[in-house]
Amino acid sequence: AIKPFFPEWERNIEISIDEFQDGIFVFKVSLAKAWRRIAIPADLNLDFLSGSILDAFDFDSDHLYEFSYKDRFGIKATVFHPYMEESPSTDEICIGDLPLKPGDSMIFHFDFGDDWKFQVLLEQIDPPNAKIKKPKMLESHGRAPKQYSGWDGEW
């Protein structure tokens, strides 16, 4: 009955669908006092981001991991290593599909035994650049902790 008087209310309870964000995502990844700035194209998946984080901190990639972040409703969302039984997996989710905007962050939880937690802050989204086809470390500060500081390599 009141709809004709308030036409702007017609779509007030529709939930918008997040669309793919194209571009080059620039993340500042921190662990302890060290941090790395990494640029990655939106069309690469979270597996590529995990590999570039581990490479940037000189870690072996021989453990399971997950990414967690707040979705657009403020609820914790988790994306799992492809070998884990949970879904979605990191090889299914592209960087541009993440509901992140500059200033948002996520946690990269690596090696559940040693419990490494990297802070992954999205600093900016640059326009697409055909010259950047893979992750690239832009900046490195501080010395990364040793992955196996308590292990001397012998059993």
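Position 1 is the first residue of the sequence, and the numbers go up from there.
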Please find the pair of heavy atoms, one from [X] and one from [Y], that lie closest to each other, and give the distance.
| X | Y | answer |
| --- | --- | --- |
| G96 | F25 | CA-CZ, 3.9 Å |
| D126 | Q124 | OD1-NE2, 2.8 Å |
| K70 | G74 | CD-O, 3.3 Å |
| G103 | L121 | O-CD1, 3.5 Å |
| Q21 | L98 | NE2-O, 3.2 Å |

### Message
Please evaluate residues V29 and F57 with respect to the criterion side-chain contact (heavy atoms from CB on, under 4.5 Å), reporting the C-alpha separation (whole Å), side-chain torsions for both, the decisive distance (0.1 Å), and the verdict.
### Response
CA-CA 10 Å; V29 182; F57 284 87; 3.8 Å; yes
Give every donor-acceptor pair under 3.5 Å between a side-chain atom in residues 79-87 and any protein atom, sequence neighbours left out.
from, atom 1, to, atom 2, distance (Å)
H81, ND1, Y83, N, 2.9

Quick check for you: to the nearest 0.5 Å, what is the distance between [X] atom [atom1] and [Y] atom [atom2]?
| X | Y | atom1 | atom2 | result |
| --- | --- | --- | --- | --- |
| L138 | E123 | CG | CD | 9.0 Å |
| N129 | K136 | CG | NZ | 8.5 Å |
| F108 | L31 | CZ | CG | 10.5 Å |
| I38 | K28 | CD1 | NZ | 12.5 Å |
| I24 | K131 | CD1 | NZ | 12.5 Å |
| K117 | S30 | NZ | OG | 15.5 Å |

### Task
Decide side-chain contact (heavy atoms from CB on, under 4.5 Å) for Y69 and V120; before the verdict, give the C-alpha distance in whole Å, the side-chain angles of both, and the deciding distance to 0.1 Å.
CA-CA 10 Å; Y69 54 87; V120 183; over 6 Å; no
Hey, is the main chain of [Y] close enough, under 3.5 Å, to the side chain of [X] for a donor-acceptor pair?
| X | Y | result |
| --- | --- | --- |
| R143 | K33 | no |
| R36 | H141 | yes |
| Q119 | S105 | no |

### Query
Are V26 and F67 connected, step by step, through hydrophobic side chains (Ile, Leu, Val, Met, Phe, Trp, Tyr) whose heavy atoms are closer than 4.5 Å?
no
### Query
Any chain of hydrophobic side-chain contacts (each under 4.5 Å) joining F27 to W35?
no
### Query
Are F59 and W116 close enough, and set up right, to give a ring pair (Phe, Tyr, Trp, His ring centres under 6.0 Å), and what steps lead you there?
CA-CA 11 Å; F59 275 35; W116 293 104; 5.0 Å; yes
### Query
Looking at F110 versus H63, is the centre-to-centre ring distance below 6.0 Å?
yes
### Task
Start with the C-alpha distance between K146 and D58, add both sets of side-chain angles, then the distance that settles side-chain contact (heavy atoms from CB on, under 4.5 Å), and finish with yes or no.
CA-CA 8 Å; K146 291 183 179 182; D58 293 323; over 6 Å; no
Anything under 3.5 Å between a donor and an acceptor, one on a side chain of residues 40-55, the other on a protein residue two or more places apart or in another chain? List them.
from, atom 1, to, atom 2, distance (Å)
N45, OD1, D47, N, 2.9
N45, OD1, F48, N, 3.3
N45, ND2, D91, O, 3.4
D47, OD1, Y65, OH, 2.2
D47, OD1, T90, OG1, 2.6
S50, OG, D47, O, 2.7
S50, OG, Y65, OH, 3.2
S52, OG, F48, O, 3.2
S52, OG, L49, O, 2.9

